[in-house]
Amino acid sequence: MPELPPMRPHPGAGVVRFPCALGCGWKHTEDPCADDIDTISLPLSASTEEISRIFGERSERRAAALRERVESAVRGHFADAHVGQEPPERAVW
Ligand SMILES: [Zn+2]
């Protein structure tokens with residue numbers, strides 16, 4: 001489960017942390033705005049449905065990339081710090 005970031009002007013504002021499920025103190029850090037640099041290209045003739053689809057597909061790509069980064073970091077952490085243990089699984093809706 002991620003730790004939601006504190007509000008500004010806290011120095012840790014905007015950064016989401018994913019702590020180790022075993023409570024060892026390790027955390028993976030994500031800045032939700034850091035990778036939001038992809039160009040968005042919309043045809044001038046795009047309908048509302050097309051615009052919605054383009055943004056929806058972009059959002060799904062970013063969510064999949066985020067999930068892959070977090071899962072990869074957690075697997076790497078367990079391989080380094082908790083050898084022989086599997087990260088606990090959690091249902092995601
Ligand atoms: Zn740990």
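Both ligands and their constituent atoms are indexed starting at 1 by order of listing. Because the structure is predicted, anything quoted here is derived from the model rather than measured. Just the heavy atoms: all of them, side chains too, but no hydrogens, waters or symmetry mates, feed the values below.
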Side chain to side chain contact (heavy atoms under 4.5 Å, CB included) partner of Phe18, the single match among Glu30, Glu71, Arg69:
Glu30
Do Val83 and Phe78 make a side-chain contact, defined as non-hydrogen atoms from C-beta onward lying under 4.5 Å apart?
no
With a 4.0 Å cut-off, would you call Arg62 and Glu57 a salt bridge?
no
Looking at His77 versus His82, is the centre-to-centre ring distance below 6.0 Å?
yes
Do Leu66 and Val74 sit in the same hydrophobic cluster, where Ile, Leu, Val, Met, Phe, Trp and Tyr count as joined when their side-chain heavy atoms come under 4.5 Å apart?
yes
Can you tell whether the side chains of Lys27 and Glu3 come within less than 4.0 Å, N to carboxylate O?
yes
Proximal protein heteroatoms (N, O or S) of the Zn ion (ligand 1), under 2.8 Å
Cys20 SG, Cys24 SG, His77 NE2, His82 NE2
